[in-house]
Number of protein chains: 6
Amino acid sequence: MPDIDFDVLTLGETMLRLTPPNHERLEDIRLLEVRIGGAESNAAIALARLGLRVTWVSKLPNNPLGHFTARRIHGHGVDVSHVVWVPTALGRMGLYFIEQGALPRPTRVLYDRAHSAASTLSPTDVDWAILDRVRHVHLTGITPALSATCSDTVSRAVREARARGCTVSFDVNYRGRLWSPNEARLALAPIIAEVDLLLCTEDDARLVFQLEGSAQEMIRALAALNYRQNGMVVLTRGGQGALVWDRTRFYQASAYDVREIDRVGAGDAFAAGFLWGYLAADVQKGLDYGLAMAALKHTIPGDEFLATREDVEAVLQGGLPQTAR
Amino acid sequence: MPDIDFDVLTLGETMLRLTPPNHERLEDIRLLEVRIGGAESNAAIALARLGLRVTWVSKLPNNPLGHFTARRIHGHGVDVSHVVWVPTALGRMGLYFIEQGALPRPTRVLYDRAHSAASTLSPTDVDWAILDRVRHVHLTGITPALSATCSDTVSRAVREARARGCTVSFDVNYRGRLWSPNEARLALAPIIAEVDLLLCTEDDARLVFQLEGSAQEMIRALAALNYRQNGMVVLTRGGQGALVWDRTRFYQASAYDVREIDRVGAGDAFAAGFLWGYLAADVQKGLDYGLAMAALKHTIPGDEFLATREDVEAVLQGGLPQTAR
Amino acid sequence: MPDIDFDVLTLGETMLRLTPPNHERLEDIRLLEVRIGGAESNAAIALARLGLRVTWVSKLPNNPLGHFTARRIHGHGVDVSHVVWVPTALGRMGLYFIEQGALPRPTRVLYDRAHSAASTLSPTDVDWAILDRVRHVHLTGITPALSATCSDTVSRAVREARARGCTVSFDVNYRGRLWSPNEARLALAPIIAEVDLLLCTEDDARLVFQLEGSAQEMIRALAALNYRQNGMVVLTRGGQGALVWDRTRFYQASAYDVREIDRVGAGDAFAAGFLWGYLAADVQKGLDYGLAMAALKHTIPGDEFLATREDVEAVLQGGLPQTAR
Amino acid sequence: MPDIDFDVLTLGETMLRLTPPNHERLEDIRLLEVRIGGAESNAAIALARLGLRVTWVSKLPNNPLGHFTARRIHGHGVDVSHVVWVPTALGRMGLYFIEQGALPRPTRVLYDRAHSAASTLSPTDVDWAILDRVRHVHLTGITPALSATCSDTVSRAVREARARGCTVSFDVNYRGRLWSPNEARLALAPIIAEVDLLLCTEDDARLVFQLEGSAQEMIRALAALNYRQNGMVVLTRGGQGALVWDRTRFYQASAYDVREIDRVGAGDAFAAGFLWGYLAADVQKGLDYGLAMAALKHTIPGDEFLATREDVEAVLQGGLPQTAR
Amino acid sequence: MPDIDFDVLTLGETMLRLTPPNHERLEDIRLLEVRIGGAESNAAIALARLGLRVTWVSKLPNNPLGHFTARRIHGHGVDVSHVVWVPTALGRMGLYFIEQGALPRPTRVLYDRAHSAASTLSPTDVDWAILDRVRHVHLTGITPALSATCSDTVSRAVREARARGCTVSFDVNYRGRLWSPNEARLALAPIIAEVDLLLCTEDDARLVFQLEGSAQEMIRALAALNYRQNGMVVLTRGGQGALVWDRTRFYQASAYDVREIDRVGAGDAFAAGFLWGYLAADVQKGLDYGLAMAALKHTIPGDEFLATREDVEAVLQGGLPQTAR
Amino acid sequence: MPDIDFDVLTLGETMLRLTPPNHERLEDIRLLEVRIGGAESNAAIALARLGLRVTWVSKLPNNPLGHFTARRIHGHGVDVSHVVWVPTALGRMGLYFIEQGALPRPTRVLYDRAHSAASTLSPTDVDWAILDRVRHVHLTGITPALSATCSDTVSRAVREARARGCTVSFDVNYRGRLWSPNEARLALAPIIAEVDLLLCTEDDARLVFQLEGSAQEMIRALAALNYRQNGMVVLTRGGQGALVWDRTRFYQASAYDVREIDRVGAGDAFAAGFLWGYLAADVQKGLDYGLAMAALKHTIPGDEFLATREDVEAVLQGGLPQTAR
């Protein structure tokens, strides 16, 4: 058996995230806080921080915004040596602006991601031989929505991974700004059929896959879309926690009470936490970690999971207290 | 019938609004956030953002602080070409400092508005012929409290408007730092008697007009102070919503649940929303818009109604959700 | 003769301008200062601040970034009612990032303007009848470089203006990131041939038009590219001031010593100042105003000419002193 | 009887307090807000702001960080002329970093206080004759934990105070990062035995003194550790208010509802408020002031009690309301 | 001889100083930096920092802005116990806005000081008996320009000081925004006649006293306006240094080269440095200290002399070097 | 020959670098900018950015400040997997505060580095076998000054490197706050004797090694302290450039004109640039790169070499120009 260099490889787009401070409206900005965000790099960062060896594959413009992005991700311990760099002229840095709401005003996201370097990612950009040294591949439903070449890249990734015996996880992550539920369902079906682990929110199950009924009914219906004998399905239910079905039994756990500072990235933190347990063959631990990490993420400004395993353990043991002492 | 250039003319003082960030105390400041605020320009801005043609009449010092103020207001689409400019020596820019509280500490406002240019506004400053091209005049009870000449200007505005068939609205807006309830009642009585639309908070009804009883009783008592046959009265009741009486029937609606970021200016946002419906001869729509806009304003830092009609519609349809997608 | 509503109409793209503070490198950003910039709106703002009636024609996305831009420009007194608004999906807000250098490190600009709403501007977007009420049209060589439809729009603008007797000025403003000198020369030739006033930097004269020799030789050569009998040419020479030729005589003036805080927009401030004199039929005054305004602009952060006519007069009278007193 | 110069002398360490803004994590900092904090100077500042004459004795490095600290404290009206200044090489400025949490993530404090100048304070640093002109000495259980010389200094302070007839108060303030409960109990016993007023939280009563049972049982048990005939004991119970026993009767009062902005220093604000009543021989007033001041402190960023007596009175009369008017 | 409590008493107005950061224009502000400034408190702070005992007499509004001001000044060690506090309604906090220029744009100051509490200072506000315990009184020509009562207060201060044998210094400090040169000359003549030490800039000598000729001629002419037998005169000459005449001999020294960060307050720093030597009966030391302190002040943001005696000594020994090491 | 994993290994302390913005004085801070700095990690970052494989060995506290530091360094591509992590209690994060001066006020550094985790680094902390896979070791004279164990670690590093045939460079970097010139000379002598490449500033040559005379004389004298047959010596001369002697010939180059934004770290940037050429066996290229990189570093806030090879090349080709275009 060949040596494994990376526990997890993930692949997708990361954008610059620009936010006005303190609930200010984007229309009246004078200062923007700059961070980064992308479902796959969010998960990669969280996994690396838990101690796994992770590599993130993407395409970035060879300019200061691209460098900023790679430096942030690499700083967390994620390998970025397989990132493809292109001249700015061949692909820009995708951006998104977030404006923080307050009841009854919603938090709004303004995407400016068209024509990004990442959206030009194609199967020939990736040296698939790297998968020889990878144990698990994590993908999301955002990438296929970015472009035809991105869609091909995700399909190819699943095939190459399967060919080498890597396990594959897939987080549905439907983005209504990029495609319609119908388009998504059609495009994702062949991918979903082949993965070892499928993660889906209750909302996406309803909207994209038009599922109804109880959580257990939904999760079984999702499982029916997956043709792997042992394919596992995770249904995340927001404030109601999450449910897992491994075709044998159900696992479930409740969500934590949180004071929301910034919930963007909470789904990715959950995915990372669950993967952590899944890769250790401990589904319950995955569920517990996933929910604790999602809760923690709600308290942290930005997409990135800026927390340590000690922070996660503290939540698992009930959370809060400390301060001075 | 002559051409109408402006749907609404409003007239009053706007001040520089200086705030320490993040609940910090004014006594320990190192940075002040600079915005503007004034009941009438707040309403003017909200009305212009909804699509009406609005002009704001006032007096400003011809210095950078005055220019800042006019530029902000004009930016929102409000006409400022009838503003009277005076040398700094003849009138300063009024200021107010806000310190954001938290239970049990109140939000405190420190006014520094005496000797402002706006407080020297007098009937001869205004070219009343402009009212030939105006449909509606909106005034508040703050202006008469500023000075004798300001008081004369408001009375004159009512008279000139009436003479030309413009409708007139008046928002009581009692300011205890400027005069006593007795003084206010005496000064406002002749104005209130003549307006087409009277807006008053329950608190002001009690404090200034010494009214008691149920909301319906109060609103009838307020109506008795107005001698216009079809004079309409709006009673705003904070968390309990608002009530309207058009001498024929009552209209009412509840307030929205809000997470308060900054409530200053919520009354002015309500007034603008109500006027919007009122001018379209749709009282219920006015109530609905008013309450939705007041709710939205609670979520926006600063006095200004930094929101779009789409934002208002979203609140009317229930508010919140969105985020990424 | 029909009534004139606007002294000047200008047409072009305005971008969001994002800058890290204090010479920090873009690669290491956490905060970006947000302003706006575009050659034509820069000139429009400066002209409006001098007291002219100016309208700016462009295309903006109907989102908070577009609203921010229009509000800033309108705040200065520039009419924006002829701006064409498009859904975000049909055109994004162009952006540019500036990183402030220091000897020997250059100030760098990273453009992210492709696919902007403004770059989709086409002749059919503009209601050319507006030119009936306009006296002068100001254009730059940036717009034709943005897209074929933009190029058509500029050509059409010249034709429509000529047809109505509006005078036309044109600032060459070569942008090497958008096209080659050859492409520029070919595209601009027919425009340059027809305008009443041509502004060009010595650098552009050399690079785009491959001119050499003394300033007087260059300016004559530029004049030869223009077929208008009284076509006037202005050659700006950076630190050496500027030279004007009206086919009869030369005018010239020296540049001011400046301490550079931010020189972006200085050329546009010069153009506005010169136009101010030109439209008043006083070429020398135009030169003097232009150079004083360019000098002032060097001292002001951002693209916008945040100064008053009093500030300009103070520079014309020698500048500096004041402080406390 | 000699003249009294100071109503209260207090003695202890003050640190620089460094905080990332807005719930950001310390690990991802780019800016730190700088304030100061120390249990004794917090109390001293609150007392001085209420109008008492207070002197704070400590040891500071003779460098800008030390000067910053002394200037802040002196600004509030606290005498700092008995502070001992040492070269930086002989003792650094203690620091602490605070990271603001949100459910379920705790607020975390990272101390960096070892080897501070204050921790080298020893009995010979203090000119004890100053106590001739002091009425009351306030000490806390933090100081004895800092070093052997600090512990000696506190013991000596009690002795010197007693010898001169000064009353002495002692706030247990157990710090688990500095010593174990056992160590604390042993070291504090002889001090607690001798003081006139003992303040202790329910948590410390349990953890350090291993007390159990009802609040009244606990407070009696604490009183048994004190050998002064009239020794008074205050038990603070967080959200449940506080209880006082003067060996004759119990006084109690409830805590206020608060919206927590920053609770660090609330215990010190309580102590100051209680002392204020105690020194005026009005225990109930002390309790009331203490709880109102603790509530106010929860709404103020930083350790310092940035409030006036008017603010306290407003809370005592129910709190909140105000805003514009 | 009675005990001296204060080496220097000074008396005058201090304002809040509000500045946009980084050369930004006041007209385009979003943030203002808050500091304090006033010629007399500037000098008082500098003197206290050198080690003298100084008291500052003034009138402040009893609100957070007044408290901020007193706290800052007291923080530097200046006694503020003789400040008169008035309700906000009887006198506001004076303000001034500074906008930092760059060649050729001047640094501009916008005063908003009319109706300040300090401008209501009158002879009966001050308990003149305090002068029994004061050695020297320092006054400036700003105070008499504020109001008739302020003018009376300064005249009275000179008289009371003389009656008790305190020495008196007077810094002319002409303010063209407050009065004309003629008014100033007439009002200041009787004061100047009686003081022991007169400080005047060359500009003021020309403008107010219409003096001409060489520096030595000017200083002699100034001395002729002073009737004290040993009256000393200091003529400050900006970049050319300063000249002193003690009626026996001349002292002079050159100014230091500086990189100007903020020159406001440099004159006050000079005055403090000179007084420091003067009170130690060492004129040359005063000159040297004054010029070094004025130079240092140019490098420090704000009015306050935020430097130590070590900093001054370092300048006297040539300045600069250090950094890492 | 075994495989090389790293081109360069370096070893030393990195501190948190805390700076007040904009020339403000440390004594009056409210905000501190947070960065990192350390001579060896500065060089490591610069080398990694040029494309070399670099590992940085150090000891960090296992807390958020340590994580921040490692993440920043790793972000630039420097391996941090050989960093030794210790509990906070066994070693703190060293800090240093920088206050930016302006003529005549020096830039001052306040170190707070005693008792840092890095200062406890000892020979047994390092797995020297790593040197089997390293080509070159870079050390500085700061580390031996930190503690006896640090001194031993540096000596051991030289020995272990020599034993494996790694080349070694040593940058004298005398720190007067850590030891005297005498102590430094004695401690460094045996190290200097053994290295392949010695870098020293003219100032250190004079102060530590008491050398005098021309640059060529100094460099020969330094070479005499080194016993390696081909030992190369670099003498850096600030504004006068640098001189190299390889025992056969001299190489020299001039320094660039710079506008200084922040010169801290310029020496480390030079060292990295020189090493880059040295390791490519091109001394002149090393000199050129070193001087260009030192110049660039002067324009970049912070210690880190936040520039790309393209930036360096641009300086080598003359620097500046660019901006808009």
Side-chain angles (χ1 to χ4, degrees), chain D residues 15-21 24-36 60-72 74-75 87-101 105 107-117 119 176-179 301-302 304, chain F residues 15-21 24-36 60-72 74-75 87-101 105 107-117 119 176-179 301-302 304:
Chain D
M15 294 168 282
L16 230 52
R17 170 194 153 120
L18 302 171
T19 336
E24 294 194 7
R25 299 228 65 181
L26 196 45
E27 187 210 286
D28 197 43
I29 33 172
R30 285 305 284 275
L31 281 179
L32 286 169
E33 298 175 3
V34 186
R35 294 188 178 88
I36 57 164
L60 286 172
N62 187 14
N63 65 30
L65 306 180
H67 302 159
F68 174 78
T69 303
R71 261 204 314 124
R72 287 278 312 170
H74 192 43
T88 310
L90 296 190
R92 51 188 294 270
M93 190 71 213
L95 311 173
Y96 79 104
F97 298 83
I98 295 194
E99 179 185 85
Q100 207 181 346
R105 177 162 65 85
T107 293
R108 280 182 201 274
V109 174
L110 174 65
Y111 287 107
D112 179 17
R113 66 195 301 177
H115 311 289
S116 69
S119 71
R177 310 267 185 97
L178 295 174
W179 53 5
E304 295 162 73
Chain F
M15 295 169 281
L16 231 52
R17 168 194 154 121
L18 303 170
T19 337
E24 294 194 5
R25 299 228 64 182
L26 196 45
E27 188 210 287
D28 197 41
I29 33 171
R30 285 305 284 274
L31 282 177
L32 286 168
E33 299 175 2
V34 185
R35 294 190 179 86
I36 56 165
L60 286 173
N62 187 15
N63 65 29
L65 306 182
H67 301 161
F68 174 78
T69 304
R71 260 203 315 122
R72 287 277 315 167
H74 192 43
T88 310
L90 296 190
R92 52 188 295 270
M93 190 72 213
L95 311 173
Y96 78 104
F97 298 82
I98 296 194
E99 179 185 87
Q100 208 181 345
R105 176 164 64 84
T107 293
R108 280 182 200 272
V109 174
L110 174 64
Y111 287 107
D112 180 16
R113 66 195 300 177
H115 312 288
S116 69
S119 72
R177 309 267 185 96
L178 295 174
W179 55 2
E304 295 162 74

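Chain A is the first sequence line, chain B the second, and so forth, proteins listed ahead of strands; every chain is numbered from 1. Just so you know, these numbers use all the heavy atoms, side chains as well, and skip hydrogens, waters and symmetry mates. Everything quoted here is computed from the prediction, not taken from an experiment.
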Below 4.5 Å, heavy-atom pairs only: which of F:Leu18, F:Leu95, F:Leu26 has the largest tally toward chain D?
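Of the candidates given, the most pairs with chain D belong to F:Leu26.
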
About how many Å separate [atom2] of [Y] and [atom1] of [X], when rounded to the nearest 0.5 Å?
X: F:Leu16; Y: D:Ile29; atom1: CG; atom2: CD1; value: 5.5 Å
X: F:Asp28; Y: D:Arg71; atom1: CG; atom2: CZ; value: 4.5 Å
X: D:Glu27; Y: F:His67; atom1: CD; atom2: NE2; value: 7.0 Å

Examine whether an atom of [X] lies under 4.5 Å from a heavy atom of chain F, and if so say whether it belongs to the side chain, the backbone or both; otherwise answer neither.
X: D:Arg92; result: side chain
X: D:Arg25; result: neither
X: D:Thr69; result: neither

At a heavy-atom separation under 4.5 Å, does F:Leu110 approach chain D through its side chain, its backbone, both, or neither?
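Contact with chain D is through the side chain of F:Leu110 alone.
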
Part of F:Thr88 lying under 4.5 Å from any heavy atom of chain D:
side chain

Where D:Asp112 and F:Met93 come nearest, the two heavy atoms and their spacing:
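That would be OD2-O, 4.4 Å.
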
